[in-house]
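Here is the structure we will look at.
Just so you know, these numbers use all the heavy atoms, side chains as well, and skip hydrogens, waters and symmetry mates. Every chain is numbered from 1 and lettered A, B, ... according to where its sequence line falls, protein lines coming before strand lines.
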There are 2 protein chains.
Amino acid sequence: MDTGRRRDAARTRAEILEVASAEFADQGYAGARVDEIAARTRTTKRMIYYYFGGKEQLYVAALQAAYARIRAAEQEVDVAHLGPVAAIRRIAEVTFDHHEANPDFIRLVSIENIHRGEHIARMPEADLVGLNTPAVDLLGEILERGRGQGLFRAGADALDVHMAISAFCVFRVANRHTFGAIFGRDLVDPDRRLHYRTMLADMIVSYLSAAE
Amino acid sequence: MDTGRRRDAARTRAEILEVASAEFADQGYAGARVDEIAARTRTTKRMIYYYFGGKEQLYVAALQAAYARIRAAEQEVDVAHLGPVAAIRRIAEVTFDHHEANPDFIRLVSIENIHRGEHIARMPEADLVGLNTPAVDLLGEILERGRGQGLFRAGADALDVHMAISAFCVFRVANRHTFGAIFGRDLVDPDRRLHYRTMLADMIVSYLSAAE
DNA sequence: TAACTAACGTACTGGTTCGTACATTAGTGG
DNA sequence: CCACTAATGTACGAACCAGTACGTTAGTTA
């Protein structure tokens, strides 16, 4: 069986990045081992330094790739045909599903925050532009529509609403271990999935609908 | 100046624990260095092993101590004299203040979750009992009062409400770095503190007040 | 005050881990 | 088909780091 050419720079690079993403998400930056990443690829440690330069640059590349994947996924939401309330519910639900489906991304973000965002802060501007646009801009439009129809409060800011939605979704996945140990409730139990999804949408909609 | 006895087991132990808590919160488990902790105490590395046994046990002790401090602080909330809505607001605000005042605790919890709660899961039951009681039990009572007075929805669960409040408070502190880098907004800017505090209380109250 | 033990310090080790020097092969342009 | 370069592999080193062997001193008790 011929699995392709013996030399394929793009493929080797991609494979390293994929394995590294998993390893960093799994072990954290300091906990991740370059040798372990190398062992789990079809190539050697030498190639990591050849393509990425070092452990830290590899980590930054993995973080960047994770954000890029997310950005791509977020652009697929279509709520133009929905009323403001239904549109907000949909955005909350899509965000919810999205976080549940990407625990590794949430772990990488947590890890980066443990490092006080020092790596993402050093990323070139070009890699961050566009990361915010899709979800928040959409939220802003819907909020304005809702306000125009007298459905939503005037003082609600799109970025704040996005923050509240993210907080709920991220916490449920990121903090499920300590929460489970202390309170004895599994936040990602499939049987409770719909309950939390509905709760989030209810909470956001009721906040927006309430008088100031 | 006589700073006390040259030998004081309790003091030495306490000092190690204090420095270790700061170092683990700062660097994470794998990133923390036993030598560095020792260097920042008035004693030596030998004493860490003498009193705690090893790096992992020291980390567990630091985590346990952090939770103990929190538990003590949470028991000081008094809302018996308030109506259900005001009581809920007060709990949300106290939790908010509390998280803002203890970023190191939040960091330790994040770190423990990166490790999938493996250490907290192995803690003796006795150390976890009582950790949940104060805040959530109180919430349960208020919810029931509010329900009795027809103010709150029937389907609201105390632990879920606690989760939603925690999520908001934790996210704002824990994820402020990546959020700030991507959206250009500092979530812990003192000028926005009151805004977020009010927003959280509004959100929880409106969720509870809305019809199902 | 002598014997004893809890508390503490020094110096070291064995394994780990990031990174690199050096060698080699596959593909490619002339 | 021959030189040249991009891509890859091997073997190793130097620093780091958790943990410990061994020795010492302070306080305590008989």
Pairwise distance CG(Asp26(A)) to CD(Glu36(A)) - rounded to 0.5 angstrom:
9.5 Å
Mind calculating the distance between OH (Tyr49(B)) and C1' (dT13(C)) to the nearest angstrom?
13 Å
Which part of the nucleic acid, if any, lies within reach of Tyr51(B) when heavy atoms closer than 4.0 Å are counted: base, sugar-phosphate only, or nothing?
sugar-phosphate
For Ala32(A), report the nucleic acid contact type (base, sugar-phosphate, nothing); a contact means any heavy atom under 4.0 Å.
sugar-phosphate
dT20(D) P sits how many Å from Lys55(B) NZ, rounded?
15 Å
Can a side chain N or O of Arg33(A) be found less than 4.0 Å away from OP1 or OP2 on dT17(C)?
yes
I need the CD-P distance between Gln57(A) and dG19(C), as an integer number of Å.
8 Å
Protein-nucleotide distance (Ile16(A), atom CD1; dT8(D), atom C1'), rounded to Å
10 Å
Which whole-number value in Å describes the distance from Met47(A) CE to dT20(C) P?
13 Å
When the aromatic ring centroids of Phe168(B) and Phe168(A) are compared, is their separation below 6.0 Å?
no
For the atom pair CD1 (Ile48(A)) and CZ (Arg13(A)), what is the distance rounded to the nearest 0.5 Å?
12.0 Å
Answer yes or no: side-chain N or O of Lys45(A) and base N or O of dG19(C) forming a donor-acceptor pair under 3.5 Å.
yes
To the nearest angstrom, how far is Asp8(B) atom CG from dT25(D) atom C1'?
16 Å
Show your working on salt bridge (Lys or Arg N to Asp or Glu O under 4.0 Å) between Asp97(A) and Arg197(A) and close with a plain yes or no.
CA-CA 8 Å; Asp97(A) 295 345; Arg197(A) 210 168 96 119; 2.5 Å; yes
Tell me whether the side-chain N/O atoms of Thr12(B) come closer than 4.0 Å to OP1 or OP2 in dA7(C).
no
Under 4.0 angstrom, heavy atoms only, what part of the nucleic acid is Thr43(B) near: base, sugar-phosphate, or nothing?
sugar-phosphate
